[in-house]
Asks: 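For reference, the structure I am asking about is given below.
A quick note: this is a predicted structure, and the numbers were derived from the prediction, not measured. No hydrogens, no waters, no symmetry mates; every other heavy atom, side chains included, goes into these values.
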Amino acid sequence: MMRPLSIPTPDPLNPHALPNRRDMIKTTLAAGAAAALASSLPTDLFAAAADEADKQSVLAQVPKLHDETIKRLQDWIALPSIAAEDRNFPQGPEFMAKLAREAGFSNVEIIPTSGKPGVFGLLDSGAPTSLGIYFMYDVKQFDPAEWSSPPLEGRIVDHAGLGKVIVGRGAVNQKGPEAAFLGALHAFKAAGKKLPVNLVLVCEGEEEIGSPHFPEIVRNPKVMPHLKKCVGIFLPNASQDADGGVTISLGAKGVVELELVSTGEKWGRGPKHDVHSSLEAQVDSPTWHLVQALNSLVGADGHTPAVEGFFDKAKPLTPAQLKMVQDAARIRSEETSKKSLGVEHWVHDQNWLDSLVSLESKPTINIEGLVAGYTGPGGKTILPHRAVAKIDMRLVPDMTALGTLQLLKDHLAKHGFGDIEVNMSGGYDPTQTDPTSKLIQTQVGTYKKLGLDPQLWPRNAGSWPGFVFTSPPLSIAAGHFGLGHGTGAHAPNEYYLIDSTNPKVQGIDGASKSFVEYLYALA
């Protein structure tokens with residue numbers, strides 16, 4: 001703000017004594033110079049200084065709210081929403097809506113779908129920029145017998161080389177990073193500061209079964225108009241590896257999740273109910289029938305998809321994407337990756353670089369589970385009448401979920417397995433975002449400001465329903481962001497880093513602060 005011109009006034013102790021003329025001239029010239037300087041400075045500098053002061057005030061609140069943020073995460077872990085088991089509905093979405101309201105969102109609504117409901121909310125700070133936030137409130141199934149501590153307890157334990165971590169189902173996928181983001185919003189409230197951007201929150205409870213009804217949430221007439229105003233949308237993520245490096249994924253593979261079911265009833269051969277295994281000599285086996293069908297899906301190497309037309313629409317990596325993988329291969333530790341995965345060889349005994357290229361460029365057909373007959377202790381000599389395989393197929397651009405599903409069905413019919421039921425439970429297309437988009441470039445800039453050198457990565461080999469945002473009618477940028485570390489998604493002893501002993505890797509407070517930085521940078 002420009003200061004008013006200073007006019008010389010009499011000495012209040014001697015009203016008849018005015019300043020001499022030379023002093024008056026000096027004062028007038030100085031005031032004029034100050035006014036000229038102020039008028040020449042961009043208004044943005046004053047706004048930036050105010051924003052920086054506000055940001056520092058918000059950042060100062062994060063460590064003060066540490067215990068509150070941990071408690072919020074533990075309470076959330078204790079309430080698992082599992083769509084595949086129909087577990088904790090409507091409690092799950094109701095708790096998600098409560099978290100959103102407490103963080104400052106208004107107009108929070110539970111959005112019904114043909115499946116599990118979603119949650120929608122707005123945080124309007126009157127800013128010129130709007131940003132979408134994607135949350136999932138559901139988690140994967142778990143077997144407590146496989147865990148070192150109860151998976152719903154959210155126990156905080158020491159982890160060698162990292163610090164203190166919280167162990168629990170959903171700890172890193174995705175409740176930990178999402179709780180860190182909520183912690184950032186609570187820091188704004190505690191500091192009494194408005195957010196520098198407006199937020200549009202969309203949440204789903206079916207991500208872990210392939211998001212079959214998520215498009216209904218996004219395309220809801222109450223939701224879509226607000227998303228159309230957004231510069232992009234992101235999923236809070238723990239993007240750091242155990243050494244502190246950070247990766248920015250520019251997309252994700254698509255996925256098709258399905259069951260293949262072989263039964264004596266549908267096949268017209270084999271028994272219609274379980275029979276004694278001695279009858280294998282004279283009765284066909286639906287289980288072997290399924291095994292043969294599965295074997296036809298891959299080549300002689302037991303790995304490469306053999307479904308006709310499977311690779312026809314698979315787009316190869318661009319030269320720029322290939323360079324990203326080459327750069328990563330030089331920086332990332334192959335030994336660390338093998339150790340964390342518990343493997344000694346890459347498929348086809350590929351070298352490190354070629355294995356990463358395959359990871360990014362190849363679509364896959366995977367057997368998640370295979371069940372038939374008796375699997376308890378000891379033996380039970382039966383010939384099962386029913387066998388089930390859980391399958392997922394990962395897709396790269398320009399493959400589509402429905403198109404790939406049809407290729408699989410056509411293949412089974414062509415090879416004599418048309419009787420096998422194909423039940424798709426969920427899935428969606430791949431997603432890709434332009435690295436030059438404001439959303440991604442701001443991520444790069446924010447990480448660099450925080451002293452990190454982020455690696456651009458063509459796409460996540462896993463999947464999330466970002467295609468709903470990057471495809472028409474929205475066609476906005478979508479990605480992941482956030483400091484912090486964790487691993488074990490879908491596995492026992494999943495964890496998220498709370499207090500780090502490595503200054504290069506951020507715990508939950510550092511993650512919350514990274515979100516504060518990102519919101520200001522986007523503004």
Side-chain angles (χ1 to χ4, degrees), residues 83 113-115 134 136 202 204 206-219 224 227 232-233 235 249-260 296-298 303-318 321 357-368 389-415 417-418 420-434 437 457-480:
T113 74
S114 303
Y134 167 87
M136 52 181 280
V202 285
E204 68 162 321
E206 296 182 324
E207 199 281 338
E208 297 294 12
I209 60 168
S211 305
H213 303 102
F214 185 53
E216 295 179 31
I217 300 169
V218 172
R219 292 163 189 166
M224 178 68 80
L227 286 173
I233 189 163
L235 165 67
S249 290
L250 300 174
K253 287 184 176 180
V255 68
V256 179
E257 289 197 80
L258 55 94
E259 282 185 341
L260 298 183
S296 78
L297 299 181
V298 294
H303 173 80
T304 305
V307 172
E308 290 85 347
F310 195 77
F311 293 95
D312 287 357
K313 293 188 176 181
K315 189 176 181 180
L317 295 177
T318 66
Q321 290 172 329
V357 171
S358 293
L359 181 68
E360 290 301 283
S361 64
K362 301 298 184 186
T364 59
I365 300 177
N366 173 60
I367 300 175
E368 298 178 2
K390 301 275 190 179
I391 299 289
D392 68 58
M393 300 186 289
R394 300 284 172 172
L395 319 176
V396 299
D398 292 317
M399 301 169 74
T400 65
L402 293 180
T404 307
L405 178 69
Q406 190 60 51
L407 290 176
L408 180 77
K409 290 180 176 180
D410 292 345
H411 169 91
L412 291 173
K414 178 179 177 181
H415 291 269
F417 304 107
I420 291 180
E421 295 178 37
V422 180
N423 303 319
M424 178 175 170
S425 57
Y428 38 79
D429 298 344
T431 179
Q432 202 72 45
T433 286
D434 188 339
S437 65
W457 192 236
R459 63 183 65 97
N460 194 327
S463 304
W464 76 295
F467 86 100
V468 182
F469 309 114
T470 58
S471 301
L474 272 177
S475 300
I476 61 175
H480 303 60

Asks: Is the backbone of A401 close enough, under 3.5 Å, to the side chain of D429 for a donor and an acceptor to pair up by distance?
Replies: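 Judged by distance alone, yes, a pair lies under 3.5 Å.
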Asks: Would you say that N366 contacts R394 through its side chain, given a criterion of any heavy-atom pair below 4.5 Å between the two side chains?
Replies: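 When only atoms from C-beta onward are counted, R394 and N366 do not touch, as no gap falls below 4.5 Å.
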Asks: Could you check whether any side-chain heavy atom of W464 comes within less than 4.5 Å of a side-chain heavy atom of T431, counting everything from C-beta outward?
Replies: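 Yes, their side chains come closer than 4.5 Å.
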Asks: If you measure from CG on L260 to CG on L297, what distance do you get to the nearest 0.5 Å?
Replies: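 Those atoms lie 7.0 Å apart.
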Asks: Indicate yes or no: at least one non-hydrogen side-chain atom of Y428 is less than 4.5 angstrom from one of V255.
Replies: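 Yes - at least one pair of side-chain heavy atoms lies under 4.5 Å apart.
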Asks: Can you check whether H213's main-chain N or O pairs, donor with acceptor, with E216's side chain at less than 3.5 Å?
Replies: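 A pair under 3.5 Å: no.
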Asks: Atom CG in L227, atom OH in Y134: separation rounded to 0.5 Å?
Replies: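 Here the interatomic distance stands at 13.0 Å.
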Asks: Are any side-chain N or O atoms of T433 and backbone N or O atoms of G251, one a donor and one an acceptor, separated by less than 3.5 Å?
Replies: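 Answer holds: no.
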Asks: Minimum heavy-atom separation for S463 and G254, please, with both atom names.
Replies: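 Looking at all heavy atoms of both residues, the closest pair is OG-O, 3.4 Å.
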Asks: Passes side-chain contact (heavy atoms from CB on, under 4.5 Å), E308 versus H415? Steps please.
Replies: CA-CA 11 Å; E308 290 85 347; H415 291 269; 2.8 Å; yes
Asks: Could you pull out the closest heavy-atom pair between L474 and F469, with the gap in Å?
Replies: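 Nearest pair, atom of L474 first, then F469: CB-O, 3.4 Å.
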Asks: Heavy atoms only: give me the nearest F311-P305 pair and the separation to one decimal.
Replies: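 Closest approach of F311 to P305: CE1-O, 3.5 Å.
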Asks: Keeping R459 on the side-chain end and E360 on the backbone end, is there a donor-acceptor pair under 3.5 Å?
Replies: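 At least one qualifying donor-acceptor pair exists.
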Asks: Is there a side-chain contact between Q406 and D410 (heavy atoms, below 4.5 Å)?
Replies: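 They are in contact (side-chain heavy atoms under 4.5 Å apart), so the answer is yes.
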Asks: Could you grab the distance from atom CG of L395 to atom CZ of F467, nearest 0.5 Å is fine?
Replies: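 These two atoms lie 11.0 Å from each other.
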Asks: So which heavy atom on G426 is nearest to which on P212, and how close?
Replies: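 Shortest heavy-atom separation between G426 and P212 comes out as CA-CB, 4.3 Å.
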Asks: Between K253 and L359 (side chain of the first, backbone of the second, donor and acceptor by atom type, cut-off under 3.5 Å), is there such a pair?
Replies: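 Yes.
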Asks: Does the side chain of L317 reach to within under 4.5 Å of the side chain of S361, using non-hydrogen atoms?
Replies: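 A side-chain contact exists here, since the closest heavy-atom pair is under 4.5 Å.
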Asks: State, yes or no, whether a side-chain contact exists between F214 and E206 at a heavy-atom distance under 4.5 Å.
Replies: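 Not in contact.
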Asks: Kindly compute the distance separating OG (S437) from CD1 (I476), expressed to the nearest 0.5 Å.
Replies: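 If we round to the nearest 0.5 Å, S437:OG and I476:CD1 are 10.5 Å apart.
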Asks: Might you point out which heavy atoms bring L258 and M424 nearest each other, and give the distance in Å?
Replies: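 It is CB-CA, 3.8 Å.
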Asks: Which atom pair, heavy atoms only, marks the closest approach of P397 to P430?
Replies: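 Of all heavy-atom pairs spanning P397 and P430, the closest is N-CG, 3.7 Å.
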Asks: Hey, does the side chain of Q432 reach the backbone of P458 with a donor-acceptor pair shorter than 3.5 angstrom?
Replies: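 Judged by distance alone, yes, a pair lies under 3.5 Å.
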Asks: Below 4.5 Å, heavy atoms only, C-beta onward: do M393 and M399 meet side chain to side chain?
Replies: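 Sidechains of M399 and M393: no contact.
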Asks: How many angstroms lie between CZ in F310 and OG1 in T304, if you round to the nearest 0.5 Å?
Replies: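 Reported value, rounded in 0.5 Å steps: 11.0 Å.
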Asks: How long is the span from the CD1 atom in I365 to the NE2 atom in H303, to the nearest 0.5 Å?
Replies: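 So the gap between those two atoms works out to 10.5 Å.
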Asks: Please tell me if the side chains of V422 and I391 come closer than 4.5 Å, counting only heavy atoms from C-beta onward.
Replies: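 Result no, sub-4.5 Å side-chain heavy-atom pair not found.
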